[in-house]
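Report on one structure; see the data block that follows.
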Amino acid sequence: MFRLNSLRRRLILLVALAITPMAAMTVLTGLREREHAIEVARENLQRVANLAAANEAQSLEGARQILRDLSSVPDILGNSDDCSVLLSDILSKNTDYVNFGLIRLNGDVTCSAVSSVGLVNLADRAHFRRAVTERRFIAGNYVFGRVISKHTINLTYPVIRGGEVAAVLFAALDLTELDKFVLDVQLSPGSLLWTVDANGTIISRRPDPAGWFGKKIGGPLQEAWTTRPKVPVLLTDADGVQRMYAFARVGRHDISDYTVMIGIPYQEIVAAATRDQLIATIGLVATVTLALLAAWFGGDILIVRRVQTLARTANRIASGSLDTRTGMRYEEEEISALARSLDEMAEALQKKEVERDAATASLQAADRRKDEFLAMLAHELRNPLAPISSGAQVLKMAHADNASVARTAEIIARQVEHMTRLIDDLLDVSRVTRGLVKLNRQPLDLRTVVEDAVEQAYPLFKSKRQQLELDLPHEPLGINADHKRMVQVVANLLNNAAKYTQEYGHVRVSLDRAGPHVRLVVADDGIGMAPELVTRVFELFTQAERTSDRSQGGLGLGLALARTLVMLHGGSVRAESAGLERGSTFTVDLPFEELPEPVMQPGGPAARVAQPNRLRCLVVDDNIDAAQTLALFLEAAGHEVSVAHRAAEALELAVAREPQVCFLDIGLPDVDGNELARRLRALPQTATAHLIAVTGYGRKEDQEKSLAAGFDHYFVKPMDTTKLVGLLSVLTVEVAQQA
């Protein structure tokens with residue numbers, strides 16, 4: 001009878017009991033991995049099919065744009081020879097196509113990039129009839145060209161004159177060229193890629209495309225194509241290979257009725273999972289074998305006696321003999337690790353009293369720091385409460401005149417704003433230290449971040465009569481960051497510089513590229529920092545020495561919060577100072593990231609022709625909300641609007657869009673609105689444009705200065721919308737008469 005009277009036998013039993021669940025888990029894991037591999041393959045295959053369909057749709061979209069542009073040419077319905085010369089020139093510049101032509105309503109091709117022997121009539125072509133009937137772009141089914149004798153698809157677009165279809169333009173796309181738009185789709189050996197038209201005729205195939213043009217798909221693939229399943233399905237092809245197929249429509253319904261189908265051999269999908277399952281099985285067998293051997297040979301002599309020694313040592317340590325040691329030689333195995341741990345534990349306990357004293361002192365210091373913080377917090381929160389309370393009492397006085405009410409309201413607003421900033425900093429520090437901040441990162445131009453931060457901090461600079469100098473480059477400096485949080489970082493640095501710089505002092509903000517980083521520097525000529533303060537200026541609740549009136553305010557949270565947010569963005573921040581009364585410099589380095597290229601709007605000179613009762617307007621304002629609000633107002637009035645937030649951007653848009661009316665803010669961050677007006681007058685594109693000043697400066701001398709700079713009209717914020725509507729009506733008539 002097998003009795004469990006030894007550790008060795010118990011170990012063998014444990015290994016035996018572990019075999020069954022491990023084997024079951026190995027099989028179950030293998031099946032799950034196989035299912036997971038199939039699911040991942042479905043997702044990837046559908047993604048590849050969508051990519052291939054998108055590439056082909058892009059080529060069709062390009063054809064539609066070409067035909068749309070041709071349909072707008074006034075002389076396209078004129079002389080046939082001139083029309084053929086124009087289409088020949090278009091064909092020479094678009095090598096993907098084999099012919100361009102114009103079909104009259106009777107079906108005759110009167111204009112063609114490729115000359116034909118006789119008159120060609122395409123009245124029987126379905127794509128021609130659909131273009132006339134549906135009055136839109138039509139991607140036709142497979143045809144073998146009558147003139148060019150090639151496998152093609154005809155893309156048609158109606159020419160509309162006076163609200164009626166006058167003719168139909170067509171572009172014949174060579175199917176060998178259509179296939180190249182999916183060459184960048186990587187397919188494994190044995191995979192197939194098909195593109196079929198609305199009738200199930202093959203217009204593209206990989207591999208061996210030429211041998212399949214014009215043929216019909218058949219079998220299970222044709223049945224699946226008719227339903228176009230939304231998820232990949234398993235099909236057996238004519239070559240006997242089982243493949244997983246994904247289906248994707250080429251473009252929207254107004255682009256084409258084509259379908260892309262991609263099939264990947266099923267065995268290739270599950271091959272990796274099968275291989276992993278085999279490896280797992282081999283590993284299980286090896287593990288069980290080694291475990292049984294270890295249980296057999298690690299019996300009483302190798303394990304039990306050493307365990308008994310460890311138990312005796314542990315009992316002595318528990319009884320208070322902290323100088324007890326195991327006396328065992330340390331080896332690279334578990335029992336030696338336990339012995340080492342027991343010895344180290346005894347040594348650590350001997351140091352317990354010393355460490356306890358140190359911990360007590362540390363807790364007392366932390367408690368004092370907490371008390372100091374609470375006292376400072378109470379003081380800071382009481383400061384704004386006093387004027388708020390006094391202001392409320394004044395407002396309640398029945399005989400307060402208007403000046404007193406205005407002054408009291410100003411005090412209340414200022415103190416409430418101060419209290420809000422304190423509370424916001426406290427909340428932000430709490431969220432950051434607890435890891436609750438989630439960054440909404442996106443590509444940003446750091447110049448825009450700085451400008452938004454300057455807008456927030458500007459009232460503090462203005463109140464202290466300080467000079468703020470911005471040194472921003474003309475080129476964008478890209479970062480991948482959370483816009484709100486980065487504005488918060490820069491605003492905190494600016495507020496810190498303003499608080500610790502005397503009245504009429506100077507603060508300079510500069511941006512540049514430093515290798516793989518973008519560098520922001522905020523320098524001031526304020527009170528500076530002692531060396532010991534520089535080393536801990538980014539710690540919570542750290543501030544420079546202040547007078548008893550605490551006129552600077554704040555809790556010492558802004559710089560700590562700024563450093564944490566910069567580090568969350570993968571950057572770094574450091575502080576420097578030459579000493580007291582010698583100013584301070586804060587430098588932020590953030591990883592540089594190329595910004596995506598701006599999307600150019602289609603259209604050339606013809607697209608810039610003004611429509612009746614529609615003005616091309618340019619709005620320039622560094623306040624994003626103000627600019628967008630005015631733009632929405634103008635768009636609602638039916639006008640075309642472009643928006644810029646800096647003078648340099650405005651000049652670029654002026655050259656590209658040729659605006660007829662420009663709304664310019666005066667207080668721009670790089671160049672003021674008056675100088676921008678002079679530069680716009682110097683451009684040929686805007687020399688005769690109507691320039692309208694939109695500003696918060698309402699003094700007479702400000703208005704005279706702007707009118708002298710070249711402005712035609714002057715509006716003070718907030719704008720009088722009734723007056724603006726009247727002015728737009730007058731300008732619309734003037735522009736229409738000039739055209």
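What you see below is based on every heavy atom in this structure, not just the backbone, and it leaves out hydrogens, waters and symmetry mates. In this chain, residues are counted from 1 in sequence order.
A donor-acceptor pair under 3.5 Å is formed between the side chain of Arg681 and the backbone N or O of Ala687. No donor-acceptor pair under 3.5 Å is formed between the side chain of Thr686 and the backbone N or O of Ala654.
Arg64 has its side chain out of reach of Leu155: every pair of non-hydrogen atoms, C-beta onward, lies at least 4.5 Å apart. Side-chain atoms of Arg646 and Leu668, non-hydrogen and from C-beta on, never get closer than 4.5 Å to each other. Counting heavy atoms from C-beta on, the side chains of Ser642 and Pro659 never come closer than 4.5 Å. Side-chain contact between Ile38 and Met244: present, with at least one pair of heavy atoms (C-beta onward) separated by less than 4.5 Å. With contacts defined as side-chain heavy-atom distances shorter than 4.5 Å, the pair Asp452/Ile624 qualifies. For the pair Tyr157/Leu70, no side-chain contact is recorded, criterion being any heavy-atom separation below 4.5 Å from C-beta on. Residues Ile160 and Ser71 have side chains not in contact (no heavy-atom distance under 4.5 Å, counting atoms from C-beta outward). With a 4.5 Å cut-off on side-chain heavy atoms, Arg616 and Glu658 count as touching.
For Arg441, there are no side-chain hydrogen bond (donor to acceptor under 3.5 Å, both in side chains) partners, not counting sequence neighbours.
Annotation: Tyr97 is in aromatic contact with Phe100 [ring centroid separation under 6.0 Å].
For the pair Arg447 and Glu451, the salt-bridge criterion is not met [side-chain N within less than 4.0 Å of a carboxylate O]. Checked for salt-bridge contact, Arg130 and Asp254 miss the test: no charged N lies under 4.0 Å from a carboxylate O.
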Under 3.5 Å, which donor-acceptor pairs do the side chains of residues 209-221 form with other protein atoms, sequence neighbours left out?
from	atom 1	to	atom 2	distance (Å)
Lys215	NZ	Gly211	O	3.0
Lys216	NZ	Asn199	O	2.9
Lys216	NZ	Thr201	OG1	3.2

For residues 147-154, which side-chain N or O atoms pair as donor and acceptor with protein atoms under 3.5 Å away, sequence neighbours left out?
from	atom 1	to	atom 2	distance (Å)
His151	ND1	Tyr142	OH	2.5
Thr152	OG1	Val143	O	3.4
Asn154	ND2	His127	NE2	3.3

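Arg47 and Asn44 are linked by a side-chain donor-acceptor pair at a separation below 3.5 angstrom, with hydrogens and angles left out of the test. Between the side chains of Asp621 and Asn623, no donor-acceptor pair of N or O atoms lies under 3.5 Å.
Sequence neighbours left out, not one pair with a member in residues 74-83 passes salt bridge (Lys or Arg N to Asp or Glu O under 4.0 Å). Among residues at least two apart or in separate chains, there is no ring pair (Phe, Tyr, Trp, His ring centres under 6.0 Å) pair with a member in residues 39-61. A disulfide (SG to SG under 2.5 Å) check over residues 202-231, counting only residues at least two apart or in different chains, returns nothing.
Checking Ile66, Val73, Thr156, Ile76 one by one against Leu169, the side-chain contact (heavy atoms from CB on, under 4.5 Å) holds for a single residue, Ile76.
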Show, in sequence, the C-alpha distance, side-chain angles and deciding distance for His690 and Leu615, and conclude whether the side-chain contact (heavy atoms from CB on, under 4.5 Å) test is met.
CA-CA 11 Å; His690 295 270; Leu615 296 172; over 6 Å; no

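The two residues Ala139 and Ile255 make their nearest non-hydrogen contact at CB-O, 3.3 Å. The nearest pair of heavy atoms linking Pro443 to Glu593 is CG-OE2, 4.2 Å.
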